[in-house]
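Below is one structure, written out as structure tokens; comments come after it.
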Amino acid sequence: MSSTNGTAPPPGARGTARRATADPRPAGGTTRPLRVAVIGGGPGGLYAAALLKRLDPAREITVWERNSPDDTFGFGVVLSDETLGGIEHADPVVYAALRRDFVRWDDIDIVHRGVRHTSGGHGFAALGRRRLLQILHERCRSLGVELRFRAEAPDPARLARTYDLVVAADGVHSTTREAFADVFRPRITAHRCRYVWLAADFAFDAFRFEIAETEHGVMQLHGYPYSRPSPDHAPSARPPGPRDPCASTVIVEMREEVWRAAGFDEMPESESVERCAKIFADALGGRPLKSNNSAWTTFRTVVNERWSHGNVVLLGDAAHTAHFSIGSGTKLAVEDALALAACLREHASLEKALTAYETERRPVVASTQRAARASLEWFENLDLYVGQPPRRFAFNLLTRSRRVTHDNLRLRDTRFTEAAEREFGCPPGTPPMFTPFRLRGLTLRNRVVVSPMDMYSAVDGVPGDFHLVHLGARALGGAGLVMTEMVCVSPEGRITPGCAGLYTGRQAEAWRRITDFVHAQAPGTAIGVQLGHSGRKGSTKPMWEGMDEPLDDGNWPLVAASPLPYKPGSQVPRALSRAQLTDIREQFAAAAVRAARAGFDLLELHCAHGYLLSGFLSPLTNHRTDAYGGSPQKRLRFPLEVFDAVREAWPGDRPMTVRISATDWAEGGTTAEDAVTIARAFAAHGADAIDVSTGQVVADETPEFGRSYQTPFADRVRHEAGVPVIAVGAISSWDDVNSLILAGRTDLCALARPHLYDPHWTLHAAAEQGYEGPGVAWPAPYRAGSRRPRTGRTDAPRPRLALGD
């Protein structure tokens, strides 16, 4: 669980932090910092001090901690086996002391609506924060580190001038970070939930999540043992002593508006603690909760652009925070200390060492923060999921951070995972991704979609042999649905001269050749067409010649909701007149008629990525003052008119989907809340599913890339708008697809790049999972390849003896 050094400053104090009056000491000269100042006596700062002293006993190391030695503001901390392994190799003395005190357990209990589901095999280790600090205090003293308690550290700039190295481990409210804010450039994001850190005088038998649906809203409890488990649990590694009675950490969390509605904002501490104990009386067995100056607070994510400045370096919560729901605060701080000490030992200069430290740790921290962000947002939106069936809810909770997946949960607890699959409706031996899904009159045999991918390889809008091979190969590859690239409704609606179209009969005939091949050679695979108009992003070069760059010659005029170029140097489009809007609507309808005749099974209307219809939806690209601009309802008007015209022209038994950009990733643009409104509007007009993408609406976007990074938007649309969704965006493995489907975050998963890498991605996913069934079928000529080819011998006998010199 994450923790901070010392107490939080009073409200408003953050702005009064002392500013540095001089630059820190230059870092390039010393090869071995001998005088080290550590600001903050939390686990990260203490462990860094101990390691640095152990590696070089000649070092003079001083730790400043403003609190008393026994003060602690969290009750228990969790460390992973990976972190413990690093500690064991770096300092066996500390590891041995921790090992004697750790409480270990494997189970997670999830209690919701009176039903408890237990998932095993997870492997946790925890101990009291106070005991952790005692161990580190003892180690520091034995090594000769000077510990100064109840002492404010000197000004960071002064320390930087008088010490070779300053380690700022002063927590989430770091005064060091504030002193050099112009260099570190921190970004601090406050989130939507309030939480309070409490304890109970007994040991839970497992990591426990309990959900309370109150008259004020949903509340949740996170609890875990950190001192001597209960009698029916696995015994501790040593007999309990008088200083470590049974104890558990208990965190109570809820949305800010729920917290206020319940009156917690006006309660004194004692009443607040009693109220929490009453709400979660079942989990606590009627026992009381205790606090330690426990205050309700809002979690803040800290990200710094830089972690070092001269000879000053940030460590732990001062550099970065990760939400407590994935238990990574202390873990990250200890791992920071390990990496910092190693880099100082391995590199010739302090400057190179600090650069190496940040280079090594930043990707690890970024990955953890992405997982933590997914977890905290899941809990922020907990009310969306409370109506799920019990096991699906539990599976959703367990996989919320995307670090625990369907496959590794199956390895940890096969019985639980199979029970969740049965509740979902998976036939025996069938992974979730190979269950069918129905959209109107179309039943997809599995949940995999080949996402639309622009190929820029048509001539005069006519798809040729390349498209036949491209789409045909992916249809043979086993996906339930194969989508075309964006097919344009007019010559002026193309993105590039190589874009395919459906504005002539010749183009429709060429598409018919492709759909006939798919239906004949890949029976059971559906093929869909995506209709769109480029808007202000048209008349550009193919991606490999310069993405979004205007053509060198042969440009055609562009139209858009408003006369705004996509980026500097782009062509300025004309704002569409009322008559032109009517013409374009009719072009979409005519293209839909041709698409039906061409034999497509599904039609998707492209209202994303800054193309014409997307340009009407976003306030950043629609500045109109007529009936088609202004309020969200007015911005929706033209896309809905087009949808209605297409839906009327498209056969009634064939489904229609709509692709939207759920966020513009830009200030003032479309938000996740707007996406729900947009999705509801299209669903009300007859959309069978919403394909939830993001961004590409404005050139100056700042997307938050990461694994499955767009899925939370699909999840929200699915639950709030009550419409089936297609998730897309960095979904790369069949394990991800199974996880997302079984958790109920999406109904279908669209993958693009994986299908470029492997046209038979779905067939291979089936083979790797040992699945043979109706959800996927190997084409008869390919059946010999349904098993992975053998490789070289891997079972050679191992050496039995290792002889010395």
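The closest side-chain donor-acceptor pair between H191 and E377, if any, does not fall under 3.5 angstrom. In this structure, a donor-acceptor pair under 3.5 Å is absent between the side chains of Q530 and D691. Side chains of T405 and N408: a donor-acceptor N/O pair is present below 3.5 angstrom, by distance only. Judged purely by distance below 3.5 Å, without hydrogens or angles, the side chains of E253 and H222 pair a donor atom with an acceptor atom. Side-chain atoms of Q769 and W734 include no donor-acceptor pair closer than 3.5 Å. Under the 3.5 Å distance criterion, with hydrogens and angles disregarded, no donor-acceptor pair is assigned to the side chains of S661 and S614. E421 and H406 share a donor-acceptor pair across their side chains, judged by distance under 3.5 Å alone. For the residue pair S708 / R745, no side-chain donor-acceptor distance below 3.5 Å is found, with atom types taken as modelled.
Annotation: Y224 is not in aromatic contact with F124 [ring centroid separation under 6.0 Å not met]. Here W378 and F393 bring their ring centres to under 6.0 angstrom of each other. If you look at W665 and F713, their ring centroids are closer than 6.0 Å. For an aromatic pair to be called close, the ring centres must be under 6.0 Å apart, and F379 with H323 fails this. Note: Y385 and H719 meet the aromatic proximity criterion, with ring centroids under 6.0 Å apart. Checked against the 6.0 Å centroid threshold, Y782 and H760 count as a close aromatic pair.
A donor-acceptor pair under 3.5 Å is absent between the side-chain atoms of S375 and the main chain of A371, judged by distance alone. Under a 3.5 Å cut-off, the side chain of N381 and the backbone N or O of L384 do not form any donor-acceptor pair. In this structure, the side chain of T430 does not engage the main chain of C426 through any donor-acceptor pair within 3.5 Å. The main-chain N or O of L397 is found under 3.5 Å from a side-chain atom of R400 such that the two form a donor-acceptor pair. A side-chain donor-acceptor contact under 3.5 Å links Y771 to the backbone of G775. Remark: the backbone N or O of R410 is paired with a side-chain donor or acceptor of T414 at under 3.5 angstrom. The backbone N or O of D736 sits less than 3.5 Å from a side-chain atom of S733, completing a donor-acceptor pair. Under a 3.5 Å cut-off, the side chain of T671 and the backbone N or O of D674 do form a donor-acceptor pair. The main-chain N or O of A598 is found under 3.5 Å from a side-chain atom of T515 such that the two form a donor-acceptor pair. Looking at E380, its side chain does come within 3.5 Å of a backbone N or O of R192 through a donor-acceptor pair.
More than 12 non-hydrogen atoms from other residues, nucleotides or ligands lie less than 6.0 angstrom from CD of E701. Atom CZ of R116 has 12 or fewer heavy atoms from other residues, nucleotides or ligands within 6.0 Å.
Annotation: the span from T657 atom OG1 to F682 atom CZ amounts to 11.0 Å, rounded to 0.5 Å. Between atom CG of residue N446 and atom CG of residue L444 there is a gap of 7.5 Å, rounded to the nearest 0.5 Å. From H609, atom NE2 reaches atom CZ of R659 across 5.0 Å, with rounding to the nearest 0.5 Å. In this structure, the separation between CG on D735 and CG on N738 is 6.5 Å, given to the nearest 0.5 Å. Summarising the geometry, atom CG belonging to L751 is positioned 9.0 Å from atom CE belonging to M453; distances are rounded to the nearest 0.5 Å. Atom CE of M486 is separated from atom CE of M455 by 13.5 Å, given to the nearest 0.5 angstrom.
Between F466 and H470, the ring-plane angle classifies as parallel under the 30° and 60° cut-offs.
Among all heavy-atom pairs drawn from I110 and A394, the shortest one is CD1-O, 3.5 Å. Closest heavy-atom contact between T746 and A727: OG1-N, 3.1 Å. Nearest heavy-atom pair across R447 and P432 is CG-O, 3.8 Å. Of all heavy-atom pairs between N396 and A743, the closest is ND2-O, 3.2 Å. Nearest heavy atoms, I211 versus H112: CB-ND1, 3.8 Å. Taking both residues in full, the closest heavy atoms of F437 and L439 are given as CE2-CD2, 3.6 Å, listed atom of the first, atom of the second, then distance.
With contacts defined as side-chain heavy-atom distances shorter than 4.5 Å, the pair E604/P452 qualifies. Using a 4.5 Å heavy-atom threshold, the side chains of V646 and M656 count as touching. The shortest side-chain heavy-atom distance between I514 and P463 falls under the 4.5 Å cut-off. In this structure, F209 and V111 have side chains that are not in contact, with every pair of non-hydrogen atoms separated by 4.5 Å or more.
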Point to revise | Criterion salt bridge (charged side-chain N to carboxylate O under 4.0 Å, His left out) on R474 and D758, from CA distance to verdict | key: CA-CA 9 Å; R474 279 139 193 90; D758 179 6; over 6 Å; no
Check your understanding: Between S693 and Q710, is a side-chain contact (heavy atoms from CB on, under 4.5 Å) present by the stated rule, with each step listed?
Key -> CA-CA 6 Å; S693 186; Q710 296 177 147; 3.7 Å; yes
**Study point:** ring-ring contact (aromatic ring centres under 6.0 Å, His included) between H122 and F207, worked out
**Key:** CA-CA 10 Å; H122 295 278; F207 203 122; 9.4 Å; no
Practice item. Apply side-chain contact (heavy atoms from CB on, under 4.5 Å) to the pair K537 and D548, showing each step before the final yes or no. Key: CA-CA 7 Å; K537 295 178 74 175; D548 297 320; 4.1 Å; yes
Review point. Could you go step by step and tell me if T525 and R445 meet the side-chain contact (heavy atoms from CB on, under 4.5 Å) rule?
Key: CA-CA 7 Å; T525 295; R445 67 182 177 190; 3.1 Å; yes
Point to revise | Worked check of salt bridge (charged side-chain N to carboxylate O under 4.0 Å, His left out) between D601 and R654 | key: CA-CA 6 Å; D601 302 300; R654 300 189 206 179; over 6 Å; no
Check your understanding: Could you walk me through whether C749 and I726 pass the side-chain contact (heavy atoms from CB on, under 4.5 Å) check?
Key -> CA-CA 6 Å; C749 288; I726 305 169; over 6 Å; no
Practice item. Would you check, one step at a time, whether the test salt bridge (charged side-chain N to carboxylate O under 4.0 Å, His left out) holds for E423 with R392? Key: CA-CA 7 Å; E423 185 182 78; R392 193 174 210 189; over 6 Å; no
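The existence of a salt bridge linking E418 and R391 is excluded, since no basic side-chain nitrogen approaches an acidic carboxylate oxygen closer than 4.0 Å. Note on D653 versus R440: no salt bridge recorded, every NZ/NE/NH1/NH2 to OD/OE distance being 4.0 Å or above. A salt bridge between D688 and R647 is present, with a side-chain N of the basic residue lying under 4.0 Å from a carboxylate O of the acidic one. Classification of D107 and R208 as a salt-bridged pair fails, no side-chain N sitting under 4.0 Å from a carboxylate O. Contact check on D747 versus R718 returns a salt bridge, with a Lys/Arg side-chain nitrogen under 4.0 Å from an Asp/Glu carboxylate oxygen. With salt bridges taken as basic N to acidic carboxylate O contacts below 4.0 Å, none links R370 and E704.
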